Amino acid sequence: MTTEDEFRADTRAWLEAQCPLSMRTPMPEDERVWGGRHASFRHPDSRVWFERMVGRGWTVPTWPREYGGGGLSAAEAIVLKEEMQRLGCRTPLFGFGISMLGPVLLKYGSPAQKAEHLPKIARGEIRWCQGYSEPGAGSDLASLQTKCEDRGDHWLVNGQKVWTSYAHLADWIFCLVRTDTGAKHGGISFLLFDMASAGVEARPIKLISGASAFCETFFTNVRVPKDQLVGRLNDGWTIAKELLQHERGMISEIGRAIGATVPSVDVVAQRYLGDVDGRIVDPVLRDAVARHVMDDHAFQLTLRRAAEESEAGAASGGLSSMFKYYGTEQNKRKFELILKCAGHAALGWEGAGFDESELLACRTWLRSKGNSIEGGTSEIQLNVIAKRVLGLPD
Amino acid sequence: MTTEDEFRADTRAWLEAQCPLSMRTPMPEDERVWGGRHASFRHPDSRVWFERMVGRGWTVPTWPREYGGGGLSAAEAIVLKEEMQRLGCRTPLFGFGISMLGPVLLKYGSPAQKAEHLPKIARGEIRWCQGYSEPGAGSDLASLQTKCEDRGDHWLVNGQKVWTSYAHLADWIFCLVRTDTGAKHGGISFLLFDMASAGVEARPIKLISGASAFCETFFTNVRVPKDQLVGRLNDGWTIAKELLQHERGMISEIGRAIGATVPSVDVVAQRYLGDVDGRIVDPVLRDAVARHVMDDHAFQLTLRRAAEESEAGAASGGLSSMFKYYGTEQNKRKFELILKCAGHAALGWEGAGFDESELLACRTWLRSKGNSIEGGTSEIQLNVIAKRVLGLPD
Amino acid sequence: MSMVLNDEQRMLQAAARDFFTTRLPVGALRRLRDTQDADGFDRAAWREMADLGWAGVLVPEAHGGSDFGYAGLGQILEEGGRTLAASPLVATALIAAPLLARAGTAAQQDRLLGPLAAGERLFALALDEGPRHAPAQTALRATGVDGAWVLNGVKRFVLDGHVADEIIVVARTAGSPGSTDGLSLLLVPANAPGLVRTRVSLVDSRNVADLEFRDVRVEPPALIGAPHTGYALLEPVLDGACAGLAAEMLGSAQEAFDRTLDYLKLRQQFGVAIGSFQALKHRAAQMLCELELTRSAVLAALVALDARRDDAALLASLAKAKACDTAELVSNEAVQMHGGIGMTDAADIGLFLKRARVAQQSFGDAGFHRARYARLKGF
Amino acid sequence: MSMVLNDEQRMLQAAARDFFTTRLPVGALRRLRDTQDADGFDRAAWREMADLGWAGVLVPEAHGGSDFGYAGLGQILEEGGRTLAASPLVATALIAAPLLARAGTAAQQDRLLGPLAAGERLFALALDEGPRHAPAQTALRATGVDGAWVLNGVKRFVLDGHVADEIIVVARTAGSPGSTDGLSLLLVPANAPGLVRTRVSLVDSRNVADLEFRDVRVEPPALIGAPHTGYALLEPVLDGACAGLAAEMLGSAQEAFDRTLDYLKLRQQFGVAIGSFQALKHRAAQMLCELELTRSAVLAALVALDARRDDAALLASLAKAKACDTAELVSNEAVQMHGGIGMTDAADIGLFLKRARVAQQSFGDAGFHRARYARLKGF
């Protein structure tokens, strides 16, 4: 038996013994565990499962053991993932700390920063949020203006962030701030601070689709200890760019996940338009539905091809922008088509006259409009494709 | 009886007496009279009609009598036009001399230039062509490079024009040339010369749709007398702009005229797709046909509204670009739809297996692709709309 | 045909713009929504509109109306569309008024047109029974019992259904669903026993209700026109509804476009106004073309309706279809071009998106009207 | 399923690219056209292609074929598409070969597959009878007379119809037009008495002919498969034709796109490369997306055909539909972005436009395949 086989056997045995059966079922969104100072465990078993995984460092399997990680090799981490998928184990802990800040700290953090923050992320003790966009800095993120002044023994932060997801629930924030007004990209730094600091206020944003996890976050004379700046002063853009790439792929996935919560277009069409011998009665909409389903099909095949090419080492670069662009635009088209098929039935806001799937279709239609804005607008993605993939000049 | 009524009565009487009955029928394109040194009159009566109209100066009714015109007021010219339309009289003489060069000479020409050229245009003795575009100067016309050097007693012209319509049939050319390489727009002059000059060569261009009236025209050390420059040296761009505006409207009209020579889309659809109870059998294409016909309908209503607003003095500016853009794009869509309905039947190039209307549909489909390029591309029109109508910044 | 507004229409337009921007701006709809107003419109504002003669635009002067015609009402609706104004204009002034004025009995006209024009009486047309516009599918049945009509069935998404005083019900008195033959129009008082009205909350925060008829009994004078011929009476009124609604949609789309244009000039990214980016410019120019085409179609339809021309039906379908497609295009682009701010409830632009989709579905979407246009054109 | 090419396929692709760019570049088609070549393809080049094993890609090795499968043939067709190469690849190698290899009698296979793979014998499939693809509408009738089949009717736009040595005729032997039941496949020698072949000149300068059958008599061994069941034999072969043609169309569209991209970088106006204008950039990026989706669909279809998977038909329709739409988009944009030069016959780009439309119509356009996809998917 190879070491990997051995690891797989051990892992499987441990998971089978330790993962409660209830934690091997599909997870409703509201049972996700986010950790943090006010951690909640809506499903009682989720705390058990969370604590057992924390104990092995498997909330962050590849992080070093000294920081609360599992110390696994990349290959072992894949085995763990496969075994968890095989059993249907739930992800024990979610958060921007795990997916975004952690990797950055491992790469750019000082030894003290790593020692301070990584174990708390791994153990789900601190929940993080991301402070990037500002009212005046959206597509042009590098024009951000949140001011961070050196006041000798501390930094003084003033300004406003927007679209800070879950800021009202987060304990700490990692944040892009302006430390030099003389340079654009070269005047940005990457700062960490406690959301409980005096002068921090987070207000949830109501979207056209209703309540959201997004916040406006205001900083008024927030005092931040000097050692909470990550990487070099004025070199935050390097970190920001790495994280943006990551975010782009995530949003494209989220778009698809959201889309998946309502029935597929052909099912909606059959429900509202009726069918004869299995064919949607309205031939014009049937053609539109076919076009949409076929584009979805071709898009899924393209995702698979890209993955296979990537494994075979033949991946063409810049494809993440293509996937973000096409996936989000396609998701918007999906809901417009659902509206066309379902008529007034997909235009209900709340209350009587609609079933749950109809109300969800309406809200999700509205929410889908944001997919082509967040994480880099469609226009930005097209710019990126034109430049990086097609080599067209600026 | 007012003077206008009197003029109308006289005009009507003259036309009824002088216009041959055969000249009151719709004119096939090949019976148009273009005049010039090698004038041809395919229909014998067309020469009679042409000569009678020349005699009255009514080939160019508003030009002064001294230049061979009719000396009519604008109001009288409208009466003449109305009376000719009433009787269905053919236009006796066509040409870029009448429609383009004449007005320019009247405004910018020297007395000698007017005396020399205008009567010959009015009498159809000289046929003109227009030398504007160059291989390197299309959308960016002002980057033209055809060199015109002052050699003391003459200009020396070297360079190449392209898209010179009917250059191979024309006697003279009016031409934009570069007289100053130090300034872009301010280094262009407007020059006239004889196409029979040594060093001039015009080669007809074959288009994707077949033979065309367009030429490539080459100038190699062409000597041009000094007095053949119109307006001020290096001030030709002023004249060019005036003419371009004119050309834009004309091409939009030409596009529609070309489109009118093949049956309308719904007729084509019914022929090739069949109909049941009068309905096109393929419901998806029927929807596409309806969309197209409706857009045409709305576009025609818009043209009418613009005309009425213009008469009422309430016209919004910049609409010519909108009409050029929409009309030509719509014409392209029309032929793509015809191809979809007629299948292989609209893809015949020549010979057996197709009727005349099918072969014409194919050629016209190909020719329609040029509509959104000639006279300012669709992209240029959209730029103009964005700037002049919408006020969007550069 | 005239494609320019006459003086009377221009004055109406100016008065309407003034009224809606000051009295019923977008904020008024927002307030109705946020306070969960039971009526869903401002009764005081409606009285003022009636005083201006707008409730009775399509009511003959003899019955107390102002008789400005469809072209006049179109100007008012367009300006109301610019501020997303909620009011009984569509259900009462645009639909019920011409239906009663053309097809009502003398007694019905005497009793109802005066109060209608005065803004004192509200109406609703109960037509569709499913989520998509389909008059021929009417299944609600009115049966003759002891010389009276007894109604049984449901009507859905009835505009102003829960605030109307009188419901004009399209009922099947002969034939079966799928045919426009055999329909009759019946006037049912809102308080008729057996009529249950449930307000329905749509995304545009306007006023619609589902109606259930359980043995609702009305006497013979409730019949509008002859029995079984209701669709012939209704169709020209629906054409008017389409043209009028298209005018409202045009106003909304034009306003959303104008606001977006302002934003493109204002919003700076990468050191320049985003309206200087060519891709956005071209899309804006393309939207302008669609708006202009829609404007022409709407105006032509309104004028044709007033002249009762043969092509009025064709033009009404043209206007509604173009308005639907343009509203969809412009409302989507407006949100996208506003970026993140366009996604927030605090910004108004999303309200235009929401209203657009409901209006698109009312009285037939673009596909419905393309099919109708093709049929009318003989292909 | 593998969505990356294997070594054999990559080698085929490289060999094909080399062959077509050097031996049959776009200029070769232009020459055939301008010299009004009677064959419409280069017989010498075809022999070379056969020597490379390309005529017999779908012929089993036992019959002298190279048996690279659809995925292999797809690479060759795609590269041929890049240079608009005219050859018997589609009619003979893509269509006739698998039809005979799967459904032919042993005698037919012994007689025909060897010469086919050797490039010595050319075939044509005579299927459609009108300008649009519609197998069910087959009306050409084959009647049993004295134990033989007698054919009467017409076939239109038959690819390679006038150069083929053998025509595979789809004939109605039972039922009536509108049904795919009752069709039979018959092998008719090109020189059969009563068969009149007229070459037809299409805009893409390729090879098609109209065929007229007047009492054309063939003996029973001409029948492929059982009588009346021809469509079941034909359908998987048509799927292959669609996937293969889609591969060719993808190659053409990709080449037209690549050439346009080069032009956008080269052509200067207003002092900059026109490829720096954002509106053109965005349109180019959108085309790239469509090309990538098409590429995935084509590859998936070819792989599924080789594996004889259940979803091969679905994927073939997906591939053809996407290829049609992408070909139309890219060919139109290519001409527009080339500006005036794109309108000239001297530039090659117009040839891509012309070929695209004919290929779109062959074996069903995008609408045809969307309807088929929906039916296969059960909606």
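Please read all numbers here as calculations on a predicted model, not as lab measurements. Convention: sequence-line order gives letters A, B, ...; per-chain numbering from 1.
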Side chain from CB out, backbone as N, CA, C, O: work out which of these in [X] comes under 4.5 Å of a heavy atom of chain A, or both, or neither.
X      : answer
D/Y373 : side chain
D/K322 : side chain
D/D325 : side chain
D/L5   : neither
D/R375 : both
D/T294 : neither

remark   = In terms of heavy-atom pairs under 4.5 Å with chain D, the winner among A/L390, A/D394, A/I280 is A/L390
Any side-chain donor near an acceptor of the partner, A/Y325 and D/Q286, under 3.5 Å =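 A pair is found: one side chain offers a donor N or O, the other an acceptor, under 3.5 Å apart.
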ask   = Do you know which two heavy atoms are closest between D/L318 and A/A298, and how far apart they sit?
value =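 What the structure gives for the nearest pair is CD2-N, 4.2 Å.
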Distance check, rounded to the nearest 0.5 Å: [X] atom [atom1] versus [Y] atom [atom2]?
X      : Y      : atom1 : atom2 : value
D/S296 : A/H297 : OG    : NE2   : 10.0 Å
D/S276 : A/K387 : OG    : NZ    : 12.5 Å
A/T302 : D/L293 : OG1   : CG    : 4.0 Å
A/L301 : D/E292 : CG    : CD    : 12.5 Å

message = Please enumerate all residues that pass side chain to side chain donor-acceptor pair (under 3.5 Å) together with A/K340, with sequence neighbours excluded.
response =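 Applying side chain to side chain donor-acceptor pair (under 3.5 Å) to A/K340 gives C/E328.
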ask   = Which residues from residues 284-294 of chain A are near chain D, with near meaning under 4.5 Å between non-hydrogen atoms?
value =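 When heavy atoms of chain D are the reference, residues 284-294 of chain A contributes A/R286, A/D287, A/V289, A/A290, A/R291, A/V293, A/M294 within the under-4.5 Å range.
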Which pairs would a plain distance check flag for residues 243-253 of chain D, meaning a side-chain donor or acceptor within less than 3.5 Å of a matching protein atom at least two apart in sequence or in another chain?
{"from": "D/E248", "atom 1": "OE1", "to": "D/R355", "atom 2": "NH2", "distance (Å)": "3.4"}
{"from": "D/E248", "atom 1": "OE2", "to": "D/R206", "atom 2": "NH2", "distance (Å)": "3.4"}
{"from": "D/E248", "atom 1": "OE2", "to": "D/R355", "atom 2": "NE", "distance (Å)": "3.0"}
{"from": "D/E248", "atom 1": "OE2", "to": "D/R355", "atom 2": "NH2", "distance (Å)": "3.1"}
{"from": "D/S252", "atom 1": "OG", "to": "D/G81", "atom 2": "O", "distance (Å)": "2.7"}
{"from": "D/S252", "atom 1": "OG", "to": "D/E248", "atom 2": "O", "distance (Å)": "3.3"}

ask   = Hey, does A/L392 have a side-chain heavy atom less than 4.5 Å from the side chain of D/K265?
value =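 The answer is yes, as the side chains (C-beta and beyond) meet within the 4.5 Å cut-off.
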key: Side-chain touch A/D266/D/K377, heavy atoms, less than 4.5 angstrom   =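 No, their side chains stay 4.5 Å or more apart.
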request  = Enumerate the residue pairs fulfilling ring pair (Phe, Tyr, Trp, His ring centres under 6.0 Å) with a member in residues 252-285 of chain D, sequence neighbours excluded, ordered by first and then second residue.
outcome  =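 Non-adjacent pairs meeting ring pair (Phe, Tyr, Trp, His ring centres under 6.0 Å): D/Y263-D/H338.
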